[in-house]
Amino acid sequence: MAPKISLKGRALRYLSMREHSRLELGRKLARHAEEGDDVEALLDTLEAANWLSQERFSEALVHRRSARFGNSRIVAELQSHGVAGEALQELKAGLAQDESARACEVWRRKFGQVAVDATQRSKQIRFLMQRGFSQRAVQAAIKGAVLDEECGEYGE
C-alpha cells in the first residue's frame, strides 16, 4: 500500500507542476483534507514561504493565455481564480497596451487572408470576439489585415 501523502506534500506537488491561485489550490486541497486539517493555515504558510504567490500565478496565466485570447476572456479567468482589486487593474492595464497587436496575430494564424465577402468577414469577427477581444481590437485586426493585403505583404 502506498504511503499517505500529507496535505502539505500534496500542495507542494501541485505547486511544482505549475502556479496555482490561492482559491484554486484551496479547492484542490479541501477535497483531500481530513478532520483536523486546516487548509487556510496551510495556504497562509505556503504564502509566507513564497511558495504560493498570487502575483506569480497571475503573471503566468496572462503569459499562457495572451497569445490566444483577448483581454475580457483573460480578465474573466483571473477573476474566477480570485484575483481582484489593484492587482487586477494593473494586469488589465498591461493587457490593454497590446490587445490590437495580439488580435492581429491571432487573426493571421487562424485566417491569414482577408475576407472576400460579408459572410467570411462576419465569421472572422465572431471568432475574434469569442476569443475575448474588444470590438476596437477586432476592428483594428480586420482593418490591419485589409491594409496589409493592399500593401502586398500576403500576396508574395
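Quick caveat: nothing in here was measured; it's all calculated off a predicted structure.
Using a 4.5 Å heavy-atom cutoff, the side chains of R73 and E77 are not in contact. For the pair R102 and E105, the minimum side-chain heavy-atom distance is 4.5 Å or more. Looking at heavy atoms from C-beta onward, F69 lies out of side-chain contact with V106 at the 4.5 angstrom threshold. Contact annotation: the side chain of R22 approaches that of D44 to within less than 4.5 Å [non-hydrogen atoms, C-beta and beyond]. Side-chain atoms of V114 and I142, non-hydrogen and from C-beta on, never get closer than 4.5 Å to each other. Side chains of Q120 and D117 form a contact here, defined as non-hydrogen atoms less than 4.5 Å apart. Taking 4.5 Å as the limit, some side-chain heavy atom of R65 sits within range of a side-chain heavy atom of I74. Side-chain contact between L46 and L12 is present, with heavy atoms from C-beta onward closer than 4.5 Å.
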Report task. Give the C-alpha distance, both sets of side-chain angles, the deciding distance and a yes or no for salt bridge (Lys or Arg N to Asp or Glu O under 4.0 Å) between E34 and K4. Result -> CA-CA 12 Å; E34 295 177 358; K4 186 175 180 313; 3.0 Å; yes
Query raised in the report: Going through the distances and angles, do Q135 and I125 end up as a side chain to side chain contact (heavy atoms under 4.5 Å, CB included)?
Result: CA-CA 9 Å; Q135 286 185 336; I125 291 171; over 6 Å; no
Query raised in the report: Would N71 and K92 count as a side chain to side chain contact (heavy atoms under 4.5 Å, CB included) if you check the C-alpha gap in whole Å, the side-chain angles of each, and the deciding distance to 0.1 Å?
Result: CA-CA 7 Å; N71 295 1; K92 277 175 146 176; over 6 Å; no
Query raised in the report: side chain to side chain donor-acceptor pair (under 3.5 Å) between S53 and E47: does it pass, once the steps are laid out?
Result: CA-CA 6 Å; S53 168; E47 282 183 334; over 6 Å; no
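Salt bridge absent: D37 and K8 never bring a charged side-chain N and a carboxylate O closer than 4.0 Å.
Taking all atoms of both residues into account, the shortest heavy-atom contact from L43 to G26 is CD1-CA, 3.8 Å. Closest of all the heavy-atom pairs between L88 and V83 is CD2-O, 3.9 Å. Annotation for A137 and S100: closest pair CA-OG, 3.7 Å, computed over non-hydrogen atoms. For the residue pair L128 and A103, the shortest heavy atom distance occurs at CD2-O, 3.9 Å. Across C104 and A141, no two heavy atoms sit closer than the pair SG-CA, 3.4 Å. Minimum interatomic distance between Y14 and K28 (heavy atoms only, all atoms of both residues): CE1-CB, 3.8 Å.
Atom CZ of R64 has more than 12 neighbouring heavy atoms from other residues, nucleotides or ligands inside a 6.0 Å radius. More than 12 heavy atoms of other residues, nucleotides or ligands lie within 6.0 Å of CZ in R18, so this atom counts as buried by the packing criterion.
A donor-acceptor pair is defined here as one N or O able to donate and one able to accept, closer than 3.5 Å; such a pair exists between the side chain of R56 and the backbone of N50.
Under the 6.0 Å cut-off for aromatic ring centres, H20 and F57 do not qualify, their centroids lying 6.0 Å or more apart.
The hydrophobic cluster containing L29 also contains L15, counting ILVMFWY residues as joined when their side-chain heavy atoms lie under 4.5 angstrom apart, directly or transitively. I5 and M17 end up in different hydrophobic clusters when Ile, Leu, Val, Met, Phe, Trp and Tyr side chains are linked at under 4.5 Å. Under the 4.5 Å side-chain heavy-atom criterion for ILVMFWY residues, a single connected hydrophobic cluster contains both W51 and L7.
The aromatic rings of F111 and F127 stand perpendicular to each other, their planes meeting at an angle above 60°, with 30° marking the opposite boundary.
Looking at residues two or more places apart in sequence or on another chain, you find no salt bridge (charged side-chain N to carboxylate O under 4.0 Å, His left out) involving E55.
With no hydrogens or angles considered, no side-chain donor-acceptor pair links S21 and Q54 at under 3.5 Å.
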